[in-house]
Amino acid sequence: MGAQLRVYKRRIKSVTATKKITKAMEMIAASRIVKAQRQVAASTPYASELTRAVTAVATGSNTKHALTTEVENPVRVAVLLVTSDRGLAGGYSSNAIKAAGQLTERLKAEGKDVVTYIVGRKGVAYYGFRELPVVDSWTGFTDSPTYADAKRVAGPLIEAVQRETAEGGVDELHIVFTEFVSMMTQTPVDKRLLPLSLEVTEDESETAKDKILPLFDFEPSDEAVLDALLPRYVESRIFNALLQAAASEHAARRRAMKSATDNAEELIKSLSRLANAARQAEITQEISEIVGGASALADATAGSDR
């Protein structure tokens, strides 16, 4: 009984130490979510306005630019997958990897060759373990990305889009990341960044019927303006996606660590009950041994008196 009680006490001590770690990680993740949300909110207006400016240039000119012109029969597509550098975030990275796999299968079913770029050690490890080809990867900044990181990621992708497919270029660029919806909801999404989709909403089309659309005059040229704006468009969109992914990662980690802390508390309660039962059984056994020994001693004393 004594050995069993010692085992329970060791397990309670171990689980208590684990609970302290998970609770600390939960609090750290919760504090980082606020900062990440502010960064997302701050970057979204810039990305939206830049997209609107690029759309205005693209629709207001007749220039056939490589980054806005749809390819009739695209044969090669680039997919940028955003995962995390660290674990302990539940199914955050695995869900993004699953979404990227579904996108890849869909593109391949359309007859397109898919090349993959990855952000985050989890995605790199997944593709490396399965020996899947990866063109380029970036790690070390997923929990706190900067615009410089987004620019570093965007550079090779823009170059690949600008090159001919025969020279290793691509016709389209897609990005897969986890969109931050709320503290409890983070959704893996895939979006096409290039060529730029010039979408017009119903409200905008109705308004256009009643208004004279402006005519744009671009200097030094339409193509020069697109050359200057579109790289910044890609960088801003990737930066916004990295920030959304970072906020989602912190939220997923906070939720996972809270669940781990709650499970540790339940396990401690269960082990404490078992330890108390073992201690009570040990005490009962000791009392029984004392009573039995006293009874035997009394019987021996009575026999010697006779």
Side-chain angles (χ1 to χ4, degrees), residues 66-67 71 74-179 186-195 230-231 233-249 252-253:
L67 301 183
V71 179
V75 296
R76 205 157 183 258
V77 179
V79 174
L80 174 63
L81 169 61
V82 181
T83 62
S84 65
D85 285 323
R86 299 185 295 126
L88 301 177
Y92 166 77
S93 292
S94 59
N95 290 337
I97 292 172
K98 182 178 179 181
Q102 293 173 348
L103 173 62
T104 300
E105 292 299 324
R106 186 168 72 249
L107 294 173
K108 287 183 176 180
E110 297 173 359
K112 302 172 183 176
D113 183 23
V114 179
V115 292
T116 306
Y117 297 77
I118 299 178
V119 173
R121 291 190 179 93
K122 289 298 178 180
V124 173
Y126 179 90
Y127 276 70
F129 180 77
R130 287 160 180 77
E131 298 182 352
L132 299 175
V134 176
V135 178
D136 204 350
S137 62
W138 302 267
T139 60
F141 54 82
T142 59
D143 58 346
S144 184
T146 63
Y147 193 85
D149 297 322
K151 191 172 183 178
R152 185 155 52 94
V153 174
L157 296 172
I158 295 173
E159 290 178 4
V161 174
Q162 291 175 327
R163 287 199 305 267
E164 296 292 335
T165 54
E167 301 174 357
V170 297
D171 298 319
E172 296 178 1
L173 170 60
H174 297 254
I175 182 171
V176 179
F177 66 98
T178 305
E179 187 176 39
Q186 300 86 42
T187 308
V189 295
D190 62 85
K191 296 183 178 181
R192 195 186 78 172
L193 295 185
L194 296 174
L230 281 167
Y233 158 77
V234 176
E235 293 167 5
S236 67
R237 282 299 177 183
I238 290 179
F239 183 47
N240 185 262
L242 292 176
L243 292 177
Q244 295 253 11
S248 300
E249 178 184 347
R253 182 168 291 111

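Keep in mind that what you see is a predicted model, and the values were worked out from it rather than measured.
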Determine yes or no for a side-chain-to-main-chain donor-acceptor pair under 3.5 angstrom, with S248 supplying the side chain and T178 the backbone. yes

Below 4.5 Å, heavy atoms only, C-beta onward: do L107 and E110 meet side chain to side chain? yes

Can you give me the closest heavy-atom contact between V189 and E179, atom names plus distance? CG1-OE1, 3.8 Å

Locate the shortest heavy-atom distance separating Y127 from P133; write the atom from each residue and the value. CD2-O, 4.4 Å

Should the pair R76-D113 be classified as a salt bridge under the 4.0 Å nitrogen-to-oxygen rule? yes

Can R130 be said to sit on top of Y126's aromatic six-ring, NZ or CZ under 6.0 Å from centre and within 45° of the ring axis? yes

Could you check if a side-chain atom of F177 sits within less than 4.5 angstrom of a side-chain atom of V119, using non-hydrogen atoms only? no

Restricting to non-hydrogen atoms, name the atom on E249 and the atom on A89 that form the minimum distance, rounded to 0.1 Å. O-CB, 4.3 Å

Can you confirm whether the side chains of S84 and S93 place a donor and an acceptor under 3.5 Å from each other? yes

NZ/K112: more than 12 non-hydrogen atoms of other groups inside 6.0 Å: yes

Looking at every non-hydrogen atom in both residues, tell me the closest pair between F239 and T146 and how far apart they are. CE1-C, 3.4 Å

Short side-chain to backbone donor-acceptor contact, Y117 and A154, under 3.5 Å: no

Do K191 and R237 come close enough that some side-chain heavy atom pair is under 4.5 Å? no

So OG1 of T104 and NE2 of H174: to nearest 0.5 Å the spacing works out to 10.0 Å

Run the side-chain contact (heavy atoms from CB on, under 4.5 Å) check on V124 and V134 step by step: do they pass? CA-CA 8 Å; V124 173; V134 176; over 6 Å; no

Taking the side chain as everything from C-beta on, heavy atoms only, tell me whether L132 gets closer than 4.5 Å to T116. no

Could you state the interatomic distance from CD1 (I158) to CG (L193), rounded to the nearest 0.5 Å? 10.0 Å

Min side-chain heavy-atom separation V176-D190 under 4.5 Å: yes

Determine yes or no for a side-chain-to-main-chain donor-acceptor pair under 3.5 angstrom, with R106 supplying the side chain and A109 the backbone. no

Under a 3.5 Å distance rule, please check whether T142 uses its side chain to pair with a backbone N or O of A246 as donor and acceptor. no

What are the two closest heavy atoms between G120 and I118, and how far apart are they? O-CG2, 3.8 Å

Result of checking D149, D85, L80 against W138 for side-chain contact (heavy atoms from CB on, under 4.5 Å): L80

Which atom of R86 lies closest to which atom of D143, heavy atoms considered: NH2-OD2, 4.2 Å

Is a side-chain donor or acceptor of D171 paired with a backbone partner of V75 at a separation under 3.5 angstrom? yes

If you define the side chain from C-beta out and look only at heavy atoms, does anything of L157 sit under 4.5 Å from I238? yes

